[in-house]
Enquirer: 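Could you have a look at this structure, given as structure tokens, before my questions?
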Amino acid sequence: MEHEVYVPFPVGTVRQALTEPERVARCVPGVQLDADAAPRSPVGRLRLRIGSSTITYRGTLTVSAAADDGPGDAGAVPAVTVEAKGTEARGDGSVALTLAVRLSPATEPGRGTTLTCSGTVHGDGRLTEAGDQAAETAGRRLLDRFAENLAADLRQRPVAGQAGADGPAKSAAEAAGPTASDTEVPPSAKAPGGDADAGAADIGDEAEGVEDLDAGDAEDASHAARDLHPEHAYGHEADDLAPAEAAHARRTMIGRSAEEVDHAPPRGRYAPVPAPEPNGTSAVLRWAAPAAAVVLASAVVVGRVLRRRR
């Protein structure tokens with residue numbers, strides 16, 4: 001199988017990243033690495049979905065790269081070989097992968113690196129039951145997601161020693177930076193003398209206008225402002241203009257917190273009707289009981305008198 005993927009980083013950065021076994025292992029989608037693994041020998045579990053089934057393998061991954069003597073023919077650099085071996089977590093099947101990754105500069109869809117992956121897979125168990133077509137589709141999907149994870153990992157964890165190429169490849173216009181025509185110059189920087197003098201003159205005029213006002217003019221201006229907005233005035237004049245209830249409410253709210261004002265009961269015409277006193281019924285009963293006793297006694301006396309006459 002052979003498949004190409006794109007990574008938006010320079011060739012040197014991508015190749016150095018591929019020589020780090022831990023980075024390569026954590027970029028494989030569906031992998032869960034062991035925390036106690038030896039350096040440069042990642043060990044973990046891989047959940048691989050093939051067709052309608054999911055297979056979990058437990059194994060190791062190794063990376064080997066030839067000496068980098070500079071770009072070769074057509075700008076290509078020495079390939080990186082990735083080998084992985086694993087066994088099924090539930091079953092007796094096993095799998096072995098040998099993948100050769102060739103790196104070459106790319107210009108589409110942008111400046112970056114093209115990874116040409118070619119390799120072979122040998123396995124038995126549940127992998128053979130899936131079929132060649134399903135296994136090839138799963139492998140291509142795995143490589144596409146690996147390239148995306150590798151680009152994201154390079155953004156978060158740049159490789160060491162690549163200060164000039166630790167970010168995504170930029171176009172020539174972006175690398176050149178902003179030009180003189182694109183840079184905005186503040187108006188104050190263009191003519192510092194003229195604008196500063198104008199501002200100083202305005203401030204001076206305002207200061208002179210303030211000095212010309214005497215105490216009488218200031219008092220007249222205050223009264224004029226109160227006449228225009230009487231609701232903003234304070235004192236006895238505002239109380240005369242506002243209704244009595246509003247003035248009373250304002251005087252009672254002064255010095256009280258916002259929470260107290262919000263929970264204060266309404267007053268005046270909006271005050272709730274007081275509930276009847278609970279002792280009103282007892283007062284009626286207090287007078288009704290003696291009256292009923294008198295009526296009953298009178299009826300008894302009248303009955304006895306009438307009985308004697310007969």
Enquirer: State, yes or no, whether a side-chain contact exists between L150 and R23 at a heavy-atom distance under 4.5 Å.
Expert: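 Yes - at least one pair of side-chain heavy atoms lies under 4.5 Å apart.
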
Enquirer: OH of Y57 to CG of L97: how many Å apart, nearest 0.5 Å?
Expert: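 So the OH of Y57 and the CG of L97 are separated by 11.0 Å.
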
Enquirer: Is there side-chain contact between H122 and L127, with at least one heavy-atom pair below 4.5 Å?
Expert: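 SC-SC contact between H122 and L127 ruled out.
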
Enquirer: Using a 4.5 Å cut-off on heavy atoms from C-beta on, say whether the side chain of R26 contacts that of R157.
Expert: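 Side chain of R157 against side chain of R26, heavy atoms only: contact under 4.5 Å found.
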
Enquirer: Would you call V14 and L103 a side-chain contact if the rule is heavy atoms closer than 4.5 Å?
Expert: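 In short, these two side chains touch, coming nearer than 4.5 Å.
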
Enquirer: Does a donor on one side chain sit under 3.5 Å from an acceptor on the other, for R49 and T54?
Expert: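 Present: a donor and an acceptor within the cut-off.
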
Enquirer: To the nearest 0.5 Å, what is the distance between OH (Y6) and CD (E108)?
Expert: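 That separation rounds to 9.0 Å.
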
Enquirer: Determine the minimum heavy-atom distance between A38 and E22, stating which atoms define it.
Expert: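 Looking at all heavy atoms of both residues, the shortest contact is O-OE2, 4.4 Å.
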
Enquirer: Measuring from atom OG of S41 to atom CG of L61, what distance do you get when rounded to the nearest 0.5 angstrom?
Expert: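 It is 9.5 Å, given to the nearest 0.5 Å.
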
Enquirer: Find out if a path of hydrophobic residues (ILVMFWY) with successive side-chain heavy-atom gaps under 4.5 Å connects L142 to F146.
Expert: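 Yes, same cluster.
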
Enquirer: Between T13 (side chain only) and F9 (backbone N and O only), is there a donor and an acceptor less than 3.5 Å apart?
Expert: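 Looks like no, no N/O pair under 3.5 Å.
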
Enquirer: How long is the span from the CZ atom in R141 to the CD1 atom in I50, to the nearest 0.5 Å?
Expert: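 Rounded to the nearest 0.5 Å, the CZ-CD1 separation comes to 8.5 Å.
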
Enquirer: Rounded to the nearest 0.5 Å, what's the gap from OG on S94 to CZ on R58? Could you check?
Expert: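 Output value for this atom pair is 15.5 Å.
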
Enquirer: Can you check whether R40 reaches V63 side chain to side chain, under 4.5 Å on heavy atoms?
Expert: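 In short, these two side chains do not touch, never coming nearer than 4.5 Å.
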
Enquirer: Evaluate the criterion side chain to side chain contact (heavy atoms under 4.5 Å, CB included) for residue pair L115 and V7; output intermediate values, then yes/no.
Expert: CA-CA 8 Å; L115 304 181; V7 180; 3.9 Å; yes

Enquirer: Are the charged groups of R102 and E2 less than 4.0 angstrom apart, N to O?
Expert: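 Looking at E2 together with R102, the answer is yes, because their closest N to O distance falls below 4.0 Å.
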
Enquirer: Look at the side chain of T128 and the backbone N and O of D124, then say whether any donor-acceptor pair between them is shorter than 3.5 Å.
Expert: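 No, the answer is negative, given that no donor and acceptor are paired below the 3.5 Å cut-off.
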
Enquirer: Where do A17 and V24 come nearest, in terms of heavy atoms and distance?
Expert: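 For A17 and V24, the tightest heavy-atom pair comes out as O-CG2, 3.9 Å.
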
Enquirer: Does N149 form a side chain to side chain contact (heavy atoms under 4.5 Å, CB included) with D153? I'd like the steps, not just the answer.
Expert: CA-CA 6 Å; N149 294 344; D153 190 81; over 6 Å; no

Enquirer: Less than 4.5 Å apart, any side-chain heavy atom of T114 and any of V5?
Expert: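 A side-chain contact is absent here, since even the closest heavy-atom pair is not under 4.5 Å.
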
Enquirer: Would a 4.5 Å heavy-atom cut-off, applied to side chains only, mark R15 and P78 as touching?
Expert: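 Counting from C-beta outward, R15 and P78 do come under 4.5 Å.
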
Enquirer: Does Q32 CD have over 12 foreign heavy atoms under 6.0 Å away?
Expert: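 Incorrect, the count does not exceed 12.
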
Enquirer: Is it true that, when you exclude R47 itself, more than 12 heavy atoms of the residues, nucleotides or ligands shown sit nearer than 6.0 Å to its CZ?
Expert: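 Count not over threshold, so no.
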
Enquirer: Using side chain to side chain contact (heavy atoms under 4.5 Å, CB included) as the criterion, point out the one residue from V80, V121, L143 that pairs with L99.
Expert: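 The side chain to side chain contact (heavy atoms under 4.5 Å, CB included) with L99 is passed solely by L143 among V80, V121, L143.
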
Enquirer: How close do G51 and A134 get, heavy atom to heavy atom, and via which atoms?
Expert: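 Smallest heavy-atom distance, with atoms named: N-CB, 4.4 Å.
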
Enquirer: Is the shortest side-chain heavy-atom distance between L46 and V28 below 4.5 Å?
Expert: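 In short, these two side chains touch, coming nearer than 4.5 Å.
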
Enquirer: Is there a donor-acceptor contact under 3.5 Å from the side chain of E88 to the main chain of T56?
Expert: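 Between the backbone of T56 and the side chain of E88 there is no qualifying donor-acceptor contact (under 3.5 Å).
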
Enquirer: Run the numbers on T81 and E83 for side chain to side chain contact (heavy atoms under 4.5 Å, CB included), then give the verdict.
Expert: CA-CA 7 Å; T81 303; E83 296 181 355; 4.2 Å; yes

Enquirer: Got a second to check how far R45's CZ is from D34's CG, nearest 0.5 Å?
Expert: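 Those atoms lie 8.5 Å apart.
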
Enquirer: Locate the shortest heavy-atom distance separating L33 from A25; write the atom from each residue and the value.
Expert: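 Closest heavy-atom pair between L33 and A25: CD2-CB, 3.8 Å.
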
